[in-house]
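The structure appears below as structure tokens.
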Amino acid sequence: MNKLTVAIAEDNELMLDLLKDIVEGDNELEVIGTARNGEDVYRIIKEKEPEVVLLDVIMPKLDGLGVLDKIHQDKSIRKMPTFIMVSAIGQDRVTEDAFSLGADYYIMKPFDEQLILSRIKRARKEDVVKKVEQKSFFPQKPEKKVEKTEEDLEADVLAEKMAELGI
């Protein structure tokens with residue numbers, strides 16, 4: 001099986017190196033490009049056609065949302081990569097904008113290494129599903145997902161319990 005190709009866009013050098021080390025540490029994945037700004041990752045996507053792009057929201061020259069918008073407007077791009085937003089910004093408006101512009105996942109920093117790897121690898125499985133759905137009579141659009149932290153889940157459970165108790 002061919003390695004799944006990944007591009008990484010992150011303006012923070014330490015975070016870029018960490019993401020690169022995580023991806024390169026897995027023998028099923030290959031980093032084919034890194035960028036520290038949105039314009040450079042846009043060029044990497046056009047020239048190298050990665051299957052997955054890890055994309056920060058806040059970057060110089062062109063932010064992550066701008067990259068998504070530019071990529072989806074560019075009719076010369078033959079194969080759309082899976083976009084995984086990796087950001088410290090968790091505002092609902094930003095995540096909604098990311099999904100409306102074509103992000104497939106939104107992962108909050110700090111993140112779990114295994115979560116990053118599983119979302120990247122899921123791109124290959126979802127690509128197969130997309131191909132099957134395109135051939136089916138009633139195609140379905142894949143769900144967009146926001147990864148919840150353990151604290152988010154605990155807060156949801158607490159809110160449900162409080163509602164049950166009428167608090």
Side-chain angles (χ1 to χ4, degrees), residues 1-36 38 40-59 63-65 67-72 74 77-90 94-136 139-153 156:
M1 181 185 301
N2 293 339
K3 289 188 176 192
L4 191 63
T5 57
V6 180
I8 304 169
E10 170 65 59
D11 65 321
N12 179 296
E13 189 173 347
L14 294 174
M15 184 61 67
L16 179 64
D17 289 343
L18 173 64
L19 288 167
K20 186 176 178 190
D21 289 346
I22 290 170
V23 174
E24 288 178 338
D26 190 294
N27 62 4
E28 295 178 37
L29 308 175
E30 177 184 4
V31 175
I32 60 168
T34 62
R36 297 198 51 202
D40 288 347
V41 78
Y42 174 74
R43 277 193 295 281
I44 289 169
I45 293 167
K46 283 186 64 89
E47 293 168 9
K48 297 185 177 182
E49 298 181 337
E51 295 168 279
V52 177
V53 177
L54 299 180
L55 186 60
D56 189 14
V57 173
I58 306 298
M59 291 185 295
D63 68 15
L65 298 178
V67 171
L68 289 172
D69 189 41
K70 195 170 180 178
I71 291 295
H72 283 87
D74 189 334
I77 295 178
R78 296 176 298 217
K79 185 176 183 301
M80 198 60 61
T82 295
F83 286 99
I84 301 173
M85 305 303 288
V86 182
S87 180
I89 298 176
V94 174
T95 57
E96 288 171 11
D97 287 349
F99 286 132
S100 71
L101 291 169
D104 296 281
Y105 294 100
Y106 197 102
I107 299 175
M108 294 293 300
K109 295 175 188 173
F111 51 81
D112 177 69
E113 214 173 284
Q114 291 306 311
L115 178 64
I116 292 284
L117 291 172
S118 71
R119 294 305 171 260
I120 293 171
K121 291 178 182 182
R122 187 176 287 179
R124 176 170 275 150
K125 293 175 190 157
E126 288 182 353
D127 191 39
V128 171
V129 170
K130 286 177 190 175
K131 288 178 185 172
V132 170
E133 287 174 349
Q134 288 171 354
K135 294 177 183 177
S136 72
Q140 298 175 3
K141 189 174 182 178
E143 277 186 43
K144 305 290 183 186
K145 302 164 194 78
V146 174
E147 299 304 328
K148 288 193 171 202
T149 65
E150 189 173 324
E151 291 83 15
D152 292 335
L153 295 173
D156 290 348

Compare every heavy atom of [Y] with every heavy atom of [X], then report the nearest pair and how far apart it is.
X	Y	result
Glu10	Met59	N-SD, 4.1 Å
Lys3	Glu51	O-OE1, 3.7 Å
Thr5	Pro50	OG1-CA, 3.5 Å
Ala7	Ile44	CB-CG2, 3.9 Å
Ile120	Val52	O-CG2, 3.9 Å

Rounded to the nearest 0.5 Å, how far does [atom2] of [Y] lie from [atom1] of [X]?
X	Y	atom1	atom2	result
Gln114	Ser118	CD	OG	7.5 Å
Asp97	Met85	CG	CE	10.0 Å
Ile107	Leu115	CD1	CG	4.0 Å

For a 4.5 angstrom cut-off between non-hydrogen side-chain atoms, does [X] reach [Y]?
X	Y	value
Arg119	Tyr106	no
Arg78	Lys46	no
Phe83	Ile45	yes
Val6	Ile32	no
Val86	Val57	no
Ile71	Leu68	no
Ile84	Leu55	no

Could you give me the CA-CA distance, side-chain angles and deciding distance for Arg122 and Asp104, then say whether salt bridge (Lys or Arg N to Asp or Glu O under 4.0 Å) is met? CA-CA 11 Å; Arg122 187 176 287 179; Asp104 296 281; over 6 Å; no
Determine whether Leu117 and Leu29 satisfy the following criterion, side-chain contact (heavy atoms from CB on, under 4.5 Å), listing intermediate values before the conclusion. CA-CA 9 Å; Leu117 291 172; Leu29 308 175; 3.6 Å; yes
Should Glu13 and Arg36 count as an ion pair when the cut-off is N to O under 4.0 Å?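 Salt bridge between Glu13 and Arg36, a charged N being under 4.0 Å from a carboxylate O: yes.
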Given 3.5 Å as the limit, does a donor-acceptor pair link the side chain of Asn12 with the main chain of Met15, or not?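 A pair under 3.5 Å: yes.
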If you apply the rule side-chain contact (heavy atoms from CB on, under 4.5 Å), what do you find for Asp63 with Ile58, and how did you get there? CA-CA 5 Å; Asp63 68 15; Ile58 306 298; 5.5 Å; no
What donor-acceptor contacts under 3.5 angstrom involve side-chain atoms of residues 17-27, with partners at least two apart or in another chain?
{"residue": "Asp26", "atom": "OD1", "partner": "Glu28", "partner atom": "N", "Å": "2.8"}
{"residue": "Asp26", "atom": "OD1", "partner": "Lys121", "partner atom": "NZ", "Å": "3.4"}
{"residue": "Asp26", "atom": "OD2", "partner": "Lys121", "partner atom": "NZ", "Å": "2.6"}

